[in-house]
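The structure appears below as structure tokens.
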Amino acid sequence: MAAPTPTPVTSSGGGAAPTPTAAPAATDTDLSGVWDGKTISIAVGYSPGGGADAQARLLAIHLPRFLPGDPRVIVTNKPGGGTALNARDMLRRPTDGTYIAQFAQGLMVAGAMGQAEDWFVWDAYTYLGMVDGAQEENLSLMCGRTDKMQNLDDFLNGGPWRLGDISPDTTGGKQLKWFELTDVPLDIFFGYGGSAETAAAFDRGEMDVTTRCNATYAKQYSDWFTQELAIPLFGWGNFDPDIQVPNDQPLADGMRSGRWPWFGDMHETLSNYITEQQFAAFDAFTALGGTHVWAIPPDVPEEIASTLQRAFLETVNSQGFIDDMTRRERVVAPLSGLATQERIQTLQDLPPDAKAILEQML
């Protein structure tokens, strides 16, 4: 198969023209020859048009401003194997600071869990970071129908309660697979076509409990809480209603007033039903925000690698990059390369029992 044709990217290719910014730090002076007159290739592990591709083309516009030598940047697309093809191709690419590539965070997870192919040594790469890896922790809820239960005790002492969702391969689906490994009384099934369909199924009584009862669905189905058709049982994430739920909504108002005294973080409310190791596996999985990881090949000299890491963070935190991403309705929540690697290392360092649970989730 022919190699992908590089696509030159300039500021005229989309987004606002770059805003003048301070020159690179004086410490970059000795590195000016690394990129002066050179071309940096950014390789995306997916086809054009998706989220990773959008990130790459905006990185190509803004990154040169933060590197000495003002290099030219091109973007190529190398889809295949869920980005594994791109990660493997990187192993034969230049280690002189002129090659950057993207692969899925899930590939890193597989590597840390020993589920990837032997050639993928996840911690051999040098990571620049993630554009969307540090997203704010959301509040996830489990709610029950009041025609089946009136409080958390009814839930825990009854059941098993029917809970349907889209697919076991989604993030939410993997979390529900985790619940199946605990003593929480749930009967989980899959097959709905989307989140809206799942919420509608709960509304018409096809299931007894649901996780589709956050702020979005509380607004769409306000009678769940105004008419006491549904009650929150427990949750996980950020419980601050002023952050997670808009004001003057029944769900937020009920949280503030203590309307459901049993309602709280499942680490406390379900402590007798879920083991410490099960919680450790769940927490490690839910900490994985974002999808697309940006890296450079192994063995790039340390001085060049650290300059690229700094330039990447300055780029994704720059107002021009953020504005361009926002216009495309893309999330910007930067995570450094070191933080990206440390997060995956946490999975690899899980105690054996917790790691075995996580493997079943994945």
> salt bridge (Lys or Arg N to Asp or Glu O under 4.0 Å) with Asp89: which residues, sequence neighbours excluded?
Replying inline: Lys78, Arg92, Arg93
> How are the rings of Phe120 and Phe103 set relative to one another: parallel (under 30°), tilted (30 to 60°) or perpendicular (over 60°)?
Replying inline: perpendicular
> Can you name the one residue among Ile304, Ile296, Leu338, Thr126 that meets side-chain contact (heavy atoms from CB on, under 4.5 Å) with Gln309?
Replying inline: Thr126
Side-chain donor-acceptor pairs of residues 223-235 under 3.5 Å, sequence neighbours excluded:
from: Trp224; atom 1: NE1; to: Asp203; atom 2: OD1; distance (Å): 2.8
from: Thr226; atom 1: OG1; to: Ser222; atom 2: O; distance (Å): 3.1
from: Glu228; atom 1: OE2; to: Arg259; atom 2: NH2; distance (Å): 3.4

> More than 12 non-hydrogen atoms from neighbouring residues, nucleotides or ligands closer than 6.0 Å to CG on Asp299, yes or no?
Replying inline: no
> According to the interplanar angle, ranging from 0 to 90°, do the rings of Phe279 and Trp178 count as parallel (below 30°), tilted (30 to 60°) or perpendicular (above 60°)?
Replying inline: tilted
> Using the ring of each side chain (for Trp, its six-membered ring), is Trp236 parallel, tilted or perpendicular to Phe179, with breaks at 30° and 60°?
Replying inline: tilted
>> Cation-pi check for Phe189 against Arg162: NZ or CZ below 6.0 Å from the six-membered ring centre and within 45 degrees of the axis, yes or no?
In response: yes
>> Please find the pair of heavy atoms, one from Ser47 and one from Asp53, that lie closest to each other, and give the distance.
In response: O-CB, 4.1 Å
> Do Val34 and Pro68 have side chains that get closer than 4.5 Å, going by heavy atoms?
Replying inline: no
>> Using the ring centroid of each side chain, check whether Tyr217 and Phe202 are separated by less than 6.0 Å.
In response: no
> Does Asp153 have any salt bridge (Lys or Arg N to Asp or Glu O under 4.0 Å) partners at least two apart in sequence or in another chain, and if so, which?
Replying inline: none
